[in-house]
Amino acid sequence: GSAKPWAPQRHMLAAKRCTPYCVRSSSAPRQDRQWIGDEPIVAEAPPTASGSAPLVPGASRRNELYRVAAASSPATPSTADTGNGSAFGSLPPAATVAAGVAALGLAGVGLQRYMTSGSRPYSATTVGDEYDQWTEGGILEYYWGEHIHLGYYTEAERAAGFHKKDYKQAKYDFCDEMLKFSGASNPVRVLDVGCGFGGTSRHLGKLFPDASVTGITLSPKQVQRGMELCAERGLDNVKLQVMDALKMEFADNTFDLVWACESGEHMPDKKKYIEEMARVLKPGGTLVIACWCQREETEQRKFTDEERQQLQFLYDEWAHPFFISIQEFERLMKGTNMLEGICSDDWTLQTLPDWHNSIISAAKDPWYLLARPQAWYRTFRDVLGLLRMHDGFSSGLMQYGMMRAVKKAA
């Protein structure tokens, strides 16, 4: 039953009965010799990966399969025999080059798709889930501070070099400028729609200590973190809660000031968004909105295919269903028949530096991020989003919309 050394072919022909296993020399090709009746039938045997002949047991004395090698020609080297471990080791040079080019091409296509496709498209649960993750990770709070919105840069600050301005202070300045833009003064009840973890709510609570400030968000983690900060600051006139801005539980005519800073981007129904805020606003109260907007598309100036692709990336990267124009916001506000004194402005120049300043501020202090490798991929995607947003605003495809109105008297 054990394998025996290779024997000359004439010895095999001389004996019909012999050991039913035979191993050929590893340096020679082989033939299958099968005895059927009294005549031998010869057929080529397929090589094995190792180059040695497989051991095939004989089924019977009259029908035995012998592995025989002819010493006439060298064995064809297999991929394993090349010793280079390459998957292309047995291919001709031209085929190897072609395979390498194809592999690089596929990698290029994958990279191009990765860089041009959004990673977090909008869904019914995406917004709350994403902000939960951002809040738990701590990266956003560490680098952006308590305000999850863009900062404000004066013309003088932009001329002197935007990177010289404290990144977190720019966000407080934005709140103050937005309050000036609103024209509101001494509100008694304030609603912050899309409050994040309450940076603006707390800022307004400090500015108006006699006012009651309520912030709403879809993220339970933001509410938890925000209320912790309220307790640390000793602010008992600020309350944050989980609530859908499209289905607010407040009664009509409740608030003197409704404040919506960079929340409209996530709303799948912009019309309902405006109507709900107008509904809960008191007669004579002020509605003020800050929102990323896409430029107005007209018959004379349609979006190009490239612009549509860029907008789709901006929608899908940070869970936005779609953007609308500043002009469309005005039309929706007028359409409520509840608002008057409607006006708008474009603050693209005042906010544009913040996209790059957010990256610069993190580069100045990278250690917090470097100590958290689990956040590297997400942060890389966010940096990509920041750069693409800057490109969108600087090219005119996007605009920073500021809108305000007053609710008509009953």
Side-chain angles (χ1 to χ4, degrees), residues 120-132 134-135 147-150 175 178 182 184 187 189-205 212-227 238-282 285-293 315 318-324 326 328-336 338-339 342 400-407:
R120 288 160 279 198
Y122 173 83
S123 72
T125 60
T126 304
V127 178
D129 291 345
E130 288 298 321
Y131 279 109
D132 276 348
W134 273 317
T135 304
H147 296 264
I148 312 175
H149 58 76
L150 295 184
C175 292
M178 184 171 172
S182 75
R189 295 199 65 181
V190 179
L191 174 64
D192 184 2
V193 180
C195 63
F197 48 94
T200 299
S201 298
R202 286 184 292 277
H203 186 61
L204 294 174
S212 171
V213 181
T214 302
I216 63 171
T217 174
L218 290 174
S219 167
K221 295 296 182 181
Q222 286 186 328
V223 170
Q224 178 183 346
R225 178 58 182 151
M227 292 308 297
V238 178
K239 178 184 178 182
L240 309 181
Q241 59 190 103
V242 176
M243 188 181 296
D244 186 346
L246 301 182
K247 300 175 183 177
M248 286 194 278
E249 300 165 13
F250 306 116
D252 298 354
N253 308 322
T254 299
F255 299 97
D256 303 291
L257 173 62
V258 175
W259 178 289
C261 182
E262 297 186 10
S263 58
E265 298 89 336
H266 294 297
M267 302 297 165
D269 188 338
K270 314 296 191 195
K271 181 174 181 290
K272 184 67 173 175
Y273 172 61
I274 299 296
E275 290 173 345
E276 274 292 275
M277 291 191 292
R279 178 185 68 79
V280 300
L281 187 64
K282 287 181 180 179
T286 301
L287 169 64
V288 62
I289 303 170
C291 193
W292 307 345
C293 299
Y315 298 161
W318 286 331
H320 304 122
F322 59 91
F323 303 137
I324 61 175
I326 295 174
E328 181 63 13
F329 264 112
E330 289 183 316
R331 288 189 286 268
L332 292 175
M333 294 168 80
K334 291 176 182 177
T336 64
M338 292 184 280
L339 302 172
I342 299 167
Y400 198 98
M402 298 294 299
M403 288 71 61
R404 71 168 183 254
V406 174
K407 189 167 183 178

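Numbering of residues begins at 1 and proceeds along the displayed sequence.
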Item to complete: Go through the structure and list residues passing salt bridge (Lys or Arg N to Asp or Glu O under 4.0 Å) with Lys282, not counting sequence neighbours.
Response: Asp256

Practice prompt. For Gly196 and Ile148, work out which heavy atoms get closest and say how close.
Written response: CA-CD1, 4.4 Å

Anything under 3.5 Å between a donor and an acceptor, one on a side chain of residues 238-252, the other on a protein residue two or more places apart or in another chain? List them.
unit_1 : atom_1 : unit_2 : atom_2 : d
Asp244 : OD1    : Leu246 : N      : 2.9
Asp252 : OD1    : Arg279 : NH1    : 2.7

Worksheet item: Is the shortest heavy-atom distance from the side chain of Pro121 to the side chain of Thr126 under 4.5 Å?
Response: no

Discussion item. To the nearest 0.5 Å, what is the distance between CD1 on Ile274 and CE on Met338?
Written reply: 10.0 Å

Worksheet entry | Inter-residue atom distance Leu218.CG - Asp132.CG, 0.5 Å rounding | 9.5 Å

Worksheet entry | Evaluation steps, side-chain contact (heavy atoms from CB on, under 4.5 Å), between Trp259 and Leu204 | CA-CA 10 Å; Trp259 178 289; Leu204 294 174; 4.1 Å; yes

Practice prompt. Quick one: closest heavy-atom pair of Ala319 and Val127, and the distance?
Written response: O-CG2, 3.8 Å

Worksheet item: Do we get Lys407 above Phe255's six-membered ring, with its NZ or CZ under 6.0 Å from the centre and within 45° of the axis?
Response: no

Worksheet item: How close do Ile342 and Ala405 get, heavy atom to heavy atom, and via which atoms?
Response: CG1-CB, 3.7 Å

Worksheet entry | Partner residues of Lys271 under the salt bridge (Lys or Arg N to Asp or Glu O under 4.0 Å) criterion, sequence neighbours left out | Glu275

Discussion item. side-chain contact (heavy atoms from CB on, under 4.5 Å), that's the test. Do Leu191 and Val280 meet it? Break it down for me.
Written reply: CA-CA 9 Å; Leu191 174 64; Val280 300; 4.0 Å; yes

Discussion item. To check you understand the geometry: which heavy-atom pair defines the closest contact between Gly215 and Cys195, and what is its length?
Written reply: C-SG, 3.5 Å

Practice prompt. Please list, chain by chain and in numerical order, all residues satisfying salt bridge (Lys or Arg N to Asp or Glu O under 4.0 Å) with Glu130, sequence neighbours excluded.
Written response: Arg120, Arg378

Worksheet, complete the sentence: Only residue of Met333, Met403, Met277 satisfying side-chain contact (heavy atoms from CB on, under 4.5 Å) with Leu339 is Met333

Fill in: Over all atoms of both residues, closest heavy-atom pair of Tyr273 and Gly264
OH-N, 3.3 Å

Worksheet item: Do Arg225 side-chain atoms and Gly198 backbone N/O form a donor-acceptor pair below 3.5 Å?
Response: no

Practice prompt. Apply ring-ring contact (aromatic ring centres under 6.0 Å, His included) to Phe323 and list each qualifying residue two or more places apart in sequence or on a separate chain.
Written response: Tyr315, His320

Worksheet item: Is Ser182 reaching over with its side chain to a backbone N or O of Arg404, donor-acceptor style, under 3.5 angstrom?
Response: no

Discussion item. With heavy-atom distances below 4.5 Å as the criterion, would you say the side chains of Glu265 and Cys291 are in contact?
Written reply: yes

Discussion item. Could you report the tightest heavy-atom contact between Met178 and Ala260, atom names first, then the distance?
Written reply: CE-O, 3.8 Å

Discussion item. Could you walk me through whether Ile289 and Leu287 satisfy the side-chain contact (heavy atoms from CB on, under 4.5 Å) test, starting with their C-alpha distance in whole Å, then the side-chain angles of each, then the deciding distance to 0.1 Å, before giving a yes or no?
Written reply: CA-CA 7 Å; Ile289 303 170; Leu287 169 64; 4.1 Å; yes

Fill in: Neighbour count above 12 (heavy atom, 6.0 Å) for Lys270 NZ
yes

Discussion item. When you compare the side chains of Asp192 and Ser201, does any donor N or O come within less than 3.5 Å of an acceptor on the partner?
Written reply: yes

Practice prompt. Applying ring-ring contact (aromatic ring centres under 6.0 Å, His included), name anything that partners His149, two or more places apart in sequence or on another chain.
Written response: His147, Phe174

Worksheet entry | Residue pair Trp292 / Glu262, side-chain heavy-atom distance below 4.5 Å | yes

